[in-house]
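Heads up, the thing below is written out as structure tokens.
Quick caveat: nothing in here was measured; it's all calculated off a predicted structure. The chains referred to below are lettered A, B, ... by the order of the sequence lines, with proteins before strands, and numbering in each begins at 1.
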Amino acid sequence: MSPRTVFIEAAYLLASILFILGLRSLTIPDRARRGMQLAALGMLVAIVGTLVNHEIVRYEWIIAGLVVGSVIGYPLGVYVPMTAMPQRIAISHMFGAVAATLVGVAEYWHLGNGAEVSRPVMAALGFEVLFGALTITGSFMAFGKLQELLPSRPVTFKGQNLVSVGMFAVAAALFAWLIADPAHPGAFYAMVALGLVFGVSLVLPIGGADMPVVISLLNSYAGLASAATGFAIGNNVLIIAGALDGASGFILSIIMSRAMNRSFANVLFGAFGAAPEASQKTAQGLPVHAITPEDAAIQLAYARLVIVVPGYGMAVAQAQHQVRELAALIEKNGGTVLYAIHPVAGRMPGHMNVLLAEADIPYEKLKEMDEINDEFKNADVALVIGANDVVNPAARTDKGSPIYGMPILNVDEAKQVIVLKRSMNPGFAGIENELFYRENTAMLFGDAKASLAKLVHEIKQA
Amino acid sequence: MSPRTVFIEAAYLLASILFILGLRSLTIPDRARRGMQLAALGMLVAIVGTLVNHEIVRYEWIIAGLVVGSVIGYPLGVYVPMTAMPQRIAISHMFGAVAATLVGVAEYWHLGNGAEVSRPVMAALGFEVLFGALTITGSFMAFGKLQELLPSRPVTFKGQNLVSVGMFAVAAALFAWLIADPAHPGAFYAMVALGLVFGVSLVLPIGGADMPVVISLLNSYAGLASAATGFAIGNNVLIIAGALDGASGFILSIIMSRAMNRSFANVLFGAFGAAPEASQKTAQGLPVHAITPEDAAIQLAYARLVIVVPGYGMAVAQAQHQVRELAALIEKNGGTVLYAIHPVAGRMPGHMNVLLAEADIPYEKLKEMDEINDEFKNADVALVIGANDVVNPAARTDKGSPIYGMPILNVDEAKQVIVLKRSMNPGFAGIENELFYRENTAMLFGDAKASLAKLVHEIKQA
Amino acid sequence: MRIAVPRETSPGERRVALVPDNVARLVKQQHEVRVERGAGVAAGFADAAYEAAGAALADGPAALQGAEVVVRVQRPTEAEADLLPEGALLVALLAPHQSGPLLQRLAARRVSALAMEKVPRTTRAQSMDALSSQATLAGYKAVLVGADALPRILPMMTTAAGTLAPAKAFVIGAGVAGLQAIATARRLGAVVSAFDVRPVVKEQVQSLGASFVEVPQVAAEGTGGYAKELGASEQERVLGAIAAHVKDMDLVVTTAQIPGRPAPRLLTAEMIRSMRPGSVVVDLAAETGGNCELTRAGEAVVEAGVTVLGPLNLPSTVPFHASQMYGRNVTTLLQHLAKDGRLVLDPTDEITGAMLVVHDGQVRV
Amino acid sequence: MRIAVPRETSPGERRVALVPDNVARLVKQQHEVRVERGAGVAAGFADAAYEAAGAALADGPAALQGAEVVVRVQRPTEAEADLLPEGALLVALLAPHQSGPLLQRLAARRVSALAMEKVPRTTRAQSMDALSSQATLAGYKAVLVGADALPRILPMMTTAAGTLAPAKAFVIGAGVAGLQAIATARRLGAVVSAFDVRPVVKEQVQSLGASFVEVPQVAAEGTGGYAKELGASEQERVLGAIAAHVKDMDLVVTTAQIPGRPAPRLLTAEMIRSMRPGSVVVDLAAETGGNCELTRAGEAVVEAGVTVLGPLNLPSTVPFHASQMYGRNVTTLLQHLAKDGRLVLDPTDEITGAMLVVHDGQVRV
Amino acid sequence: MPGLELIEIYVFVLAGFVGFFTITRVPALLHTPLMSATNAISAISLVGSLVMAGADRGALPTILGFIAVTSATINVVGGFIITDRMLKMFKRADRGGARK
Amino acid sequence: MPGLELIEIYVFVLAGFVGFFTITRVPALLHTPLMSATNAISAISLVGSLVMAGADRGALPTILGFIAVTSATINVVGGFIITDRMLKMFKRADRGGARK
Ligand SMILES: NC(=O)c1ccc[n+]([C@@H]2O[C@H](COP(=O)([O-])OP(=O)(O)OC[C@H]3O[C@@H](n4cnc5c(N)ncnc54)[C@H](OP(=O)(O)O)[C@@H]3O)[C@@H](O)[C@H]2O)c1
Ligand SMILES: NC(=O)c1ccc[n+]([C@@H]2O[C@H](COP(=O)([O-])OP(=O)(O)OC[C@H]3O[C@@H](n4cnc5c(N)ncnc54)[C@H](OP(=O)(O)O)[C@@H]3O)[C@@H](O)[C@H]2O)c1
Ligand SMILES: NC(=O)c1ccc[n+]([C@@H]2O[C@H](COP(=O)([O-])OP(=O)(O)OC[C@H]3O[C@@H](n4cnc5c(N)ncnc54)[C@H](O)[C@@H]3O)[C@@H](O)[C@H]2O)c1
Ligand SMILES: NC(=O)c1ccc[n+]([C@@H]2O[C@H](COP(=O)([O-])OP(=O)(O)OC[C@H]3O[C@@H](n4cnc5c(N)ncnc54)[C@H](O)[C@@H]3O)[C@@H](O)[C@H]2O)c1
């Protein structure tokens with residue numbers, strides 16, 4: 001083994017290790033940033049390692065590519081608003097897939113348009129360009145839907161299933177033929193083209209709400225394309241990074257579809273039959289943002305000020321002890337917890353007091369409405385536990401409502417509102433609560449006691 | 001690639017995957033058994049895969065070895081009592097190491113006593129026999145100490161450090177020489193011998209209490225020896241299984257030394273300076289069994305009947321809410337929790353009642369002494385929370401003690417007693433409590449509230 | 001508005017219609033408040049505190065001079081009614097169903113009157129709802145009075161001198177007072193059960209950690225959150241269930257009421273005799289005839305060792321907090337009535353209309 | 001042993017020295033128990049229950065005939081003492097420090113006497129310790145009585161009619177009664193603080209969720225868990241601290257005692273006047289002179305709007321549980337005294353010796 | 001160019017396990033940063049592109065290689081920057097050593 | 001016999017990560033079974049021993065191979081049996097589906 005090879009392989013091994021450590025660091029939020037810097041370092045190491053490759057003889061195109069890429073990539077990283085994250089990630093997948101696909105195509109062309117390609121390598125190249133091509137167009141479609149360049153609703157037409165299955169069959173046949181005999185450039189390029197079309201037909205029928213799952217899945221495909229590249233050119237860091245991506249994207253899309261209460265298959269194939277939108281809508285057609293205990297937990301774990309708004313639902317669930325538990329955890333994490341007691345919360349005067357006293361929550365933390373209403377705007381999270389009427393903005397605005405004129409708690413001024421209740425059912429006054437549909441409100445459905453227990457559990461994990 | 005090779009490699013890949021899944025299953029107690037059956041299946045697959053190896057031409061010795069090994073191994077597995085587990089594992093490491101070492105030696109001999117050995121292979125072989133040899137004797141020493149064939153106290157002599165370092169240096173030098181030029185059978189066999197001696201000198205100076213850490217570390221070495229074998233003969237399943245073992249043994253020994261409140265380095269090297277025994281002793285020289293929250297938690301998580309014995313310490317720690325939390329968890333796991341209230345527990349009549357009522361523990365679960373004393377023998381765990389005098393057997397036996405004649409709670413009849421208190425300090429009556437030194441009593445030191453919080457945390461993990 | 005606060009004259013009444021805090025709030029909104037000297041003393045509010053809050057002090061009848069609104073806790077005697085300035089507004093707990101002659105008299109003097117009992121039971125009017133605020137205190141106090149009369153303690157206690165069993169408390173009628181009684185008895189460590197004819201109450205009872213005594217097929221939810229009277233067969237099932245349950249109880253608090261009707265009879269003499277000697281019944285419905293057959297308003301009756309208490313006006317025994325709450329109810333009402341600083345009585349207003357028992361020389365009950 | 005249980009005759013005394021459960025236990029151990037008719041009625045124990053437990057019933061003086069042991073709650077009058085069978089043993093709360101003549105009389109009749117107050121405060125004797133058992137109930141009841149007398153409620157309440165602040169309770173002397181008072185006030189939702197001169201008590205107070213009022217350099221731990229009297233400078237610091245703290249309190253319960261000495265004076269008239277009108281002081285040390293300067297035993301004194309209660313014999317107001325506990329204490333004592341079914345009075349025994357105030361014709365106080 | 005080797009499948013499978021074991025422990029809140037991070041890492045195809053662009057194998061491979069290098073670089077640069085931006089939000093100034 | 005290859009180091013490192021990520025999640029109670037399980041798995045050196053014992057490379061390798069096969073087999077058989085015995089203790093008959 002030449003020292004150059006040893007150097008390259010060592011660089012690749014190091015890069016692989018850094019990638020793994022970097023991903024691993026994401027399991028601990030406090031260390032995540034550090035870890036991603038390690039991963040970036042890994043990327044640098046891999047690039048440097050590659051540049052000493054003896055095959056590389058000219059650097060001008062490389063430098064040009066690196067410069068142009070950086071010039072485009074930097075603003076994409078720095079200026080894209082956080083809210084545009086999903087579409088940014090989607091378009092980014094496209095770039096990754098373009099690279100993988102072009103490398104595959106160039107490789108095939110370079111090897112005598114398949115003449116010098118062995119069968120195993122052909123298999124790898126085939127996977128590379130297939131996954132790559134479908135990721136290119138698929139990602140672009142996803143981007144278009146999220147950016148609202150394309151209609152975000154599922155786009156379907158009659159016979160779509162048949163067409164899709166047909167295309168898939170043809171691509172598979174071409175692939176099999178190429179493996180048997182790689183020297184069929186026509187078949188190869190046709191396969192690439194089919195991959196591109198297939199990407200479109202995969203994503204178009206899926207609704208905007210399910211896009212995160214799709215993006216994550218495309219991430220997985222992009223990873224598999226990289227891994228296939230690795231197999232094709234015998235490069236381990238590509239195989240490892242590709243496998244990491246492939247696994248992570250795949251698992252993530254499963255986790256996410258589960259969090260949306262949809263089966264993974266439903267998201268993917270249900271689309272062909274135009275699945276219902278994932279998010280609930282009310283009579284007025286407003287969407288409700290459901291949140292998982294995990295997500296709610298992290299928000300609470302990192303909040304500086306949490307204001308708990310207990311209501312009759314806390315009493316029904318007898319969740320007062322769990323409230324105390326949760327508050328203790330948040331305080332242990334350095335946050336502050338206050339309790340906003342609305343004068344008519346519950347079903348008897350002082351209902352909340354009795355229960356919170358039972359849970360030994362100090363009187364000083366119980367705040368009257370007038371005292372706390374100005375605090376909500378400083379709160380990171382307003383945690384509404386089984387309260388409804390007492391936080392219903394209709395009391396301020398809707399003259400027709402039975403609670404019009406009642407002063408309410410200004411929970412909506414908090415940066416984030418998390419509401420624990422079992423359903424979208426109304427409270428005592430029997431009226432809908434518009435708060436639940438606001439942008440900064442998330443609903444954690446379920447019995448308050450059980451939900452709180454889950455939150456406690458998750459915060460401990462975080 | 002011949003189909004035979006493909007079959008073998010596929011078998012090895014499958015075996016590797018099964019091993020990983022098997023180990024992984026140990027993270028979930030309920031699935032562990034299933035998982036280990038998978039691992040056993042993996043072993044079978046690996047063996048079958050190996051047997052088709054074209055190099056194998058004679059099966060009689062193989063069959064003989066398998067039969068003899070099974071005949072010896074079966075009773076070792078079935079009849080060894082659970083209490084003898086550590087020494088059994090130690091001796092088992094020895095067998096594993098014997099296999100690895102002999103394969104290494106045979107390989108070296110077979111390859112013209114080193115003449116046909118390449119440098120990289122020599123490096124692998126060297127690690128194999130070195131780790132193997134030191135594991136053989138090291139495990140045997142550990143076995144001897146635990147089985148009390150050897151003195152379990154640290155055996156040290158003057159200048160031990162020097163001798164150890166010297167031996168290590170010589171072995172390293174021989175190894176380096178061999179890598180430079182593998183064809184030196186003398187050096188090779190000398191190195192093996194040195195490894196054997198080194199194993200003895202590594203374990204002899206370590207005390208019996210620290211043996212679990214040592215055994216785990218030897219597990220790691222045995223794994224590394226296997227991995228080295230894999231490198232030497234180019235066998236991936238050996239590399240993977242070896243790496244799994246190596247990593248797991250290493251981490252485990254770190255975790256265990258941390259659990260014993262000793263630094264890892266302290267266990268390993270501190271031994272050279274004869275470290276103090278891990279367990280505390282009292283004036284009377286009786287040892288106290290301290291327990292970690294993790295271990296206590298698992299006992300509680302799997303208990304059918306837990307009897308909580310609260311005392312003044314629960315009041316001081318204001319731990320009543322945590323008691324409720326813990327009980328709720330145990331009950332969720334299918335266990336039953338009762339509370340044994342001694343008439344004079346605490347510092348005022350009804351002290352425990354006030355606090356437990358505050359935590360909303362139902363009256364039906366509070367049992368008077370006369371009612372519950374017969375239940376203790378059915379309890380899996382008696383959890384004594386800051387109680388002392390009311391569970392002090394001196395009241396039954398020691399006529400001189402100020403509490404002689406007071407009826408006490410029969411906690412000692414429970415299968416396991418776990419006592420939560422901050423220290424070995426006596427309670428109100430100011431007298432020592434012999435209960436704390438009994439065989440089936442474990443002390444979980446720390447403030448009761450904090451300890452309970454830890455238990456809750458750990459049970460949730462389990 | 002010129003507001004007057006006379007001293008209460010009913011025997012045993014220790015509350016006052018406005019406390020200094022309320023006065024300060026009204027004065028800040030440019031109202032004038034005149035308080036009769038000594039009006040708040042029995043409740044723990046000194047004259048000086050009223051002055052500091054911005055009220056004028058006056059002696060006896062002078063307090064009423066020129067007042068547009070006169071606020072009281074209890075209804076005035078007819079003699080006192082004659083002292084009210086003509087055209088003024090009287091706000092008090094008027095007991096309109098029992099006060100026919102008084103209301104006539106007020107109408108004759110063209111005095112308008114708002115009955116604090118008639119605040120509608122809507123979420124919006126809740127801060128004016130004096131029945132609720134006073135019932136809260138009554139429920140709390142009922143348990144204290146009952147606990148005081150019991151020959152045993154409420155909580156369980158395991159002691160060197162044996163284990164004391166917790167008392168069993170039973171609350172009949174889990175409205176505002178009943179729920180508060182449940183909460184208080186639970187706080188003191190009793191084992192609490194409750195019964196009501198309105199099915200929604202079950203969840204509320206359980207939300208306080210008490211158990212609910214079920215009677216199948218009884219559901220008497222009336223309007224405005226109140227109960228209605230039971231049919232004969234329902235009544236029979238209810239009595240049967242109570243009889244079976246009450247035998248074993250140590251403390252029974254009854255609060256069952258039906259607006260405008262005598263209190264339902266839920267405890268018979270026979271049931272009382274079936275209880276253990278030493279048990280105690282506190283009947284909060286004494287004023288409207290009592291839920292217990294043996295209740296005598298304002299007295300303690302002992303039958304077969306069981307004490308039946310029929311306390312009257314329990315809120316007045318915690319006059320400090322009772323006045324604070326009543327005063328807040330009245331203040332919110334006054335703020336509701338004042339439009340641009342002037343008193344406006346709008347009979348079409350949902351709240352005012354419901355409360356207005358005398359207006360424009362007419363009795364409107 | 002032949003044991004007699006006469007009816008209590010002291011005014012207001014509702015307890016009884018043995019309850020049917022205790023009788024059953026003693027009878028099972030082959031003792032004979034004779035109970036005066038009606039002895040347990042005031043505490044809620046009917047004659048029939050005693051009979052069912054195996055006691056013989058007797059009228060008036062006949063109950064004592066032939067008794068070896070006579071058990072009572074309160075000491076007998078001198079006339080009653082003369083009815084005791086010669087050579088018998090009397091067990092009761094004898095108040096030995098105040099009962100010189102009575103004890104002489106007993107000695108003269110060669111009646112032996114055990115004072116239930118003198119049970120030693122050891123862990124072993126704790127189940128005979130009547131002072132503890134009765135103090136437990138007194139502490140509980142003191143808070144109920146105080147809460148009843150307050151013009152406010154104890155818990156915090158956020159309601160549509162405003163927020164009611166929780167009452168501030170202060171317990172002086174955190175012994176058995178004091179700790180129970182703390183627990184009870186906390187249960188009812190008050191904000192509780194406490195003070196005692198024995199430093200170990202701080203942790204005990206906090207173990208009930210209350211806060212401790214610190215006074216630097218005061219430590220008066222006496223023997224047997226009791227306190228001793230304070231030095232002059234200590235006393236001054238204590239009074240200063242109490243004066244500063246008590247001003248803001250709504251309910252004060254005092255329980256400070258020093259065995260055999262008048263109760264320490266811890267609340268001056270001036271301090272009382274510094275409190276808010278409506279506040280209440282419950283002085284459990286009234287019997288030994290009171291911790292408050294204004295206390296009059298058995299009466300309610302009102303000074304500047306502050307009520308000072310000096311209730312006597314609170315345990316007797318919960319006679320059912322009080323008798324149950326006292327009876328258990330007496331039963332355990334009797335079991336301790338009986339050797340092979342026969343009464344043995346051993347003055348060298350740690351417990352018997354400490355309690356024996358009259359023996360062999362000698363007063364031993 | 002080396003051919004496809006069997007052992008590379010081991011590498012792939014093991015890396016898959018590593019990915020699986022890691023991802024399942026990432027808390028849900030970090031799922032978006034995670035996606036963005038794996039996205040950045042998947043730009044490792046840059047490694048293949050570099051060789052293609054620099055190996056002087058003719059015009060077509062070089063041009064394709066150049067485009068591939070550009071695309072992949074966009075991914076690398078943008079991906080890591082944005083991941084970092086997201087993760088910055090989880091740093092609490094006043095958090096100190098409160099959490100392990 | 002193949003020589004030592006660079007890629008095998010990848011396999012080793014990745015397997016190490018897998019081991020590390022797995023072991024750190026095993027609850028403390030299962031540490032003894034874990035030790036016993038890894039012990040059993042480390043008997044994989046049986047695979048090397050089998051070749052040695054059956055390849056007919058001469059008397060010495062065959063004898064050594066035989067001893068190695070025997071030793072390793074003891075480990076395999078005993079190890080898996082005892083691990084199973086230990087794990088059996090964690091099965092609760094009445095546990096049912098109570099725990100996830
Ligand atoms: N305080 C008083 O004196 C008094 C007296 C009488 C009436 N009220 C009235 O009661 C209302 C009080 O307002 P509020 O906000 O406290 O209560 P609310 O408006 O009645 O809302 C309570 C909410 O809790 C939810 N809930 C019930 N059980 C739950 C459980 N086990 N877990 C989680 N959520 C649960 C219900 O939604 P889901 O069913 O979807 O879970 C419901 O929407 C006001 O309208 C007030 O006027 C008050
Ligand atoms: N009930 C009554 O009426 C009454 C009245 C007066 C006296 N007593 C006497 O009090 C005693 C009661 O017995 P007991 O068993 O309840 O209590 P104990 O014998 O006093 O023992 C309490 C134990 O709790 C531990 N502890 C204290 N604070 C703790 C904390 N924060 N966390 C964990 N542990 C803590 C202490 O050990 P560490 O310091 O090592 O943590 C101590 O050994 C009896 O002797 C009884 O006679 C009872
Ligand atoms: N929405 C609001 O703003 C508001 C305000 C105050 C009260 N309320 C509600 O109104 C309801 C009644 O309030 P209240 O306490 O003043 O009522 P109340 O004093 O008229 O009656 C007390 C209770 O007795 C019950 N009762 C009647 N007949 C009975 C019988 N035969 N047996 C058993 N129980 C019987 C009633 O159901 C009621 O719960 C409560 O549920 C309360 O929550 C609502
Ligand atoms: N070991 C046992 O078996 C046992 C049994 C019963 C009681 N005890 C203990 O004995 C102690 C005293 O019991 P008690 O309640 O009957 O005592 P007590 O009735 O004699 O006195 C009540 C309290 O008043 C306090 N006090 C005295 N002078 C004071 C002053 N100047 N200022 C403030 N406080 C003052 C005392 O310290 C005591 O805590 C308690 O701590 C109790 O726990 C122990």
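If you measure heavy-atom distances from Met35(E) to chain A, the contacts under 4.5 Å come from both the backbone and the side chain. In this structure, chain E has a heavy atom under 4.5 Å from the side chain of Leu51(A), while its backbone stays farther away. If you measure heavy-atom distances from Ile89(A) to chain E, the contacts under 4.5 Å come from both the backbone and the side chain. Residue contact with chain E, scored on non-hydrogen atoms closer than 4.5 Å, is absent for Arg119(A). Looking at Ala37(E), the atoms closer than 4.5 Å to chain A (heavy atoms on both sides) sit in the backbone and in the side chain alike. Interface residue Met43(A): only side-chain heavy atoms are found under 4.5 Å from chain E. For Leu14(E), no part lies near chain A; criterion is any non-hydrogen pair under 4.5 Å. The part of Gln37(A) that comes within reach of chain E is its side chain, from C-beta onward, which places non-hydrogen atoms under 4.5 angstrom from that chain. The parts of Ser36(E) that come within reach of chain A are both its backbone and its side chain, each placing non-hydrogen atoms under 4.5 angstrom from that chain. Contacts of Ile291(A) with chain E are absent, with no heavy-atom separation under 4.5 Å from either backbone or side chain. Residue Phe250(A): no heavy atom, backbone or side chain, is found under 4.5 Å from chain E. With a 4.5 Å cut-off on non-hydrogen atoms, Tyr108(A) does not touch chain E at all. In this structure, the portions of Leu66(A) lying under 4.5 Å from any heavy atom of chain E include both its backbone and its side chain. In this structure, the portion of Phe80(E) lying under 4.5 Å from any heavy atom of chain A is its side chain and not its backbone. Residue contact with chain E, scored on non-hydrogen atoms closer than 4.5 Å, is absent for Tyr59(A).
Side-chain atoms of Leu26(A) and Leu87(E), non-hydrogen and from C-beta on, do get closer than 4.5 Å to each other. Side-chain contact between Leu23(A) and Leu34(E) is present, with at least one heavy-atom pair separated by less than 4.5 Å.
The candidate from Ala43(E), Ala55(E), Gly48(E) with the greatest count of non-hydrogen atom pairs under 4.5 Å with chain A is Ala55(E). Of the listed residues (Asn75(E), Val18(E), Thr22(E), Val51(E)), the greatest number of heavy-atom pairs within a distance under 4.5 Å of chain A belongs to Asn75(E). Considering only heavy-atom pairs separated by less than 4.5 Å from chain E, the leading option among Val98(A), Leu76(A), Asn219(A) is Asn219(A).
In summary, the side chains of Asp245(A) and Thr38(E) do not present any donor paired with an acceptor at a separation below 3.5 Å, with no hydrogens or angles considered.
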